2 protein chains.
Amino acid sequence: MARKSFDDTACPVARSLDKVGDGWSLLILRDAYHGLARFDQFEASLGIASNILSNRLGRLVEEGFLERQRYNDRPPRYEYHLTRRGHDFRPVLIALSAFGDAQYGEAGRTTCLVDVETGEAIDPVLTDRRSGAVIETLKLAPRIRPLADEPQGSI
Amino acid sequence: MARKSFDDTACPVARSLDKVGDGWSLLILRDAYHGLARFDQFEASLGIASNILSNRLGRLVEEGFLERQRYNDRPPRYEYHLTRRGHDFRPVLIALSAFGDAQYGEAGRTTCLVDVETGEAIDPVLTDRRSGAVIETLKLAPRIRPLADEPQGSI
């Protein structure tokens with residue numbers, strides 16, 4: 001990505017890209033959602049050079065998506081666990097996974113996500129939490145988010 | 001992104017990143033969803049160098065997210081319109097936008113998406129199309145997608 005900072009805009013897409021706008025970072029998060037936590041687990045899963053992995057893990061910690069937890073003292077070794085922010089990012093990767101499965105998937109050559117409880121593949125669709133409407137059926141426009149109302153009953 | 005090809009895996013996230021794993025490409029798609037179509041419109045919106053814009057538009061055409069349509073003959077000028085694949089990618093950007101608004105938004109300094117019909121801001125949540133379950137409440141695991149059944153009644 002060319003390095004104009006995307007953070008300096010009102011657009012939440014641009015601001016998010018500034019934090020994790022990198023393929024490796026997204027694949028590290030994908031693996032974290034699947035339970036991987038240790039450096040050598042990510043390294044084996046991704047086939048990534050260790051210096052790049054180290055850099056991306058550091059960036060994800062710095063941006064608050066992962067947190068480091070020491071699991072061995074001598075030598076010092078760390079696990080990387082998802083924070084609340086890291087968990088909150090998961091719908092983006094699920095949407096990306098559903099798109100990739102639909103567009104580039106061939107049976108037997110792609111993974112889908114299954115509900116562990118039922119064993120059924122999920123079919124993710126974005127809906128509006130309030131109205132329940134399927135968002136792809138709506139006509140949308142961006143708008144600057146207005147200032148929040150004063151909280152009622154504040155002293 | 002370090003150039004190992006992400007396309008050579010069973011993972012639909014990795015394959016999708018190989019196509020549009022780039023901040024500028026995602027911001028061009030964002031603008032296309034908001035109705036922009038011409039080179040100079042994207043250039044003015046993004047503040048992007050024209051050679052980079054030209055490269056990313058070409059890539060998005062090549063990968064089937066946008067298609068070129070000539071709107072002027074002398075000199076030749078083109079508009080870039082979303083294909084079906086481009087439209088199908090939109091939920092990824094909506095999920096990214098909702099995440100960015102929640103994590104990095106401040107009132108008056110972030111945009112949200114509103115339903116043009118009602119004027120209400122949408123609050124996107126991923127649900128399972130079949131069961132209606134909110135996906136963030138499910139425990140998920142990846143699985144290689146099995147071969148489709150033989151179509152019944154085939155000759």
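As the structure is a prediction and not an experimental result, all values here were calculated from the model. Letters A, B, ... mirror the listed sequences (proteins, then strands); counts begin at 1.
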| Side chain, backbone, both or neither: which part of B:Leu113 has a non-hydrogen atom closer than 4.5 Å to chain A? | both
| field | Derivation of the side-chain contact (heavy atoms from CB on, under 4.5 Å) call for A:Val134 and B:Thr127 | value | CA-CA 9 Å; A:Val134 173; B:Thr127 56; over 6 Å; no
| A:Leu82 CG to A:Phe65 CZ distance, which is reported to the nearest 0.5 Å | 10.5 Å
| said: Is B:Gln103 in contact with chain A via its backbone, its side chain, both, or neither, using a 4.5 Å heavy-atom distance? | reply: both
| query | Between A:Phe89 and B:Leu96, is any pair of side-chain heavy atoms under 4.5 Å apart? | reply | yes
| task | Between chain A and each of B:Ile94, B:Val92, B:Leu140, count heavy-atom pairs under 4.5 Å; write down the option with the most. | result | B:Leu140
| message | Check for me whether B:Arg15 meets the cation-pi criterion with A:Tyr104, that is, NZ or CZ under 6.0 Å from the six-membered ring centre and within 45 degrees of the ring axis. | response | no
| field | Selection from A:Val114, A:Asp88, A:Ile135, A:Val13 maximising heavy-atom pairs under 4.5 Å formed with chain B | value | A:Val114
| query | Is chain A contacted by the side chain of B:Arg85, its backbone, both, or neither, given a heavy-atom distance below 4.5 Å? | reply | both
| A:Leu138 portion near chain B, given a 4.5 angstrom heavy-atom threshold | side chain
| Contact origin within B:Leu93 toward chain A - heavy atom pairs under 4.5 Å | both
| Do you reckon A:Phe99 sits in the same ILVMFWY cluster as B:Leu17, going by side-chain contacts under 4.5 Å, direct or chained? | yes
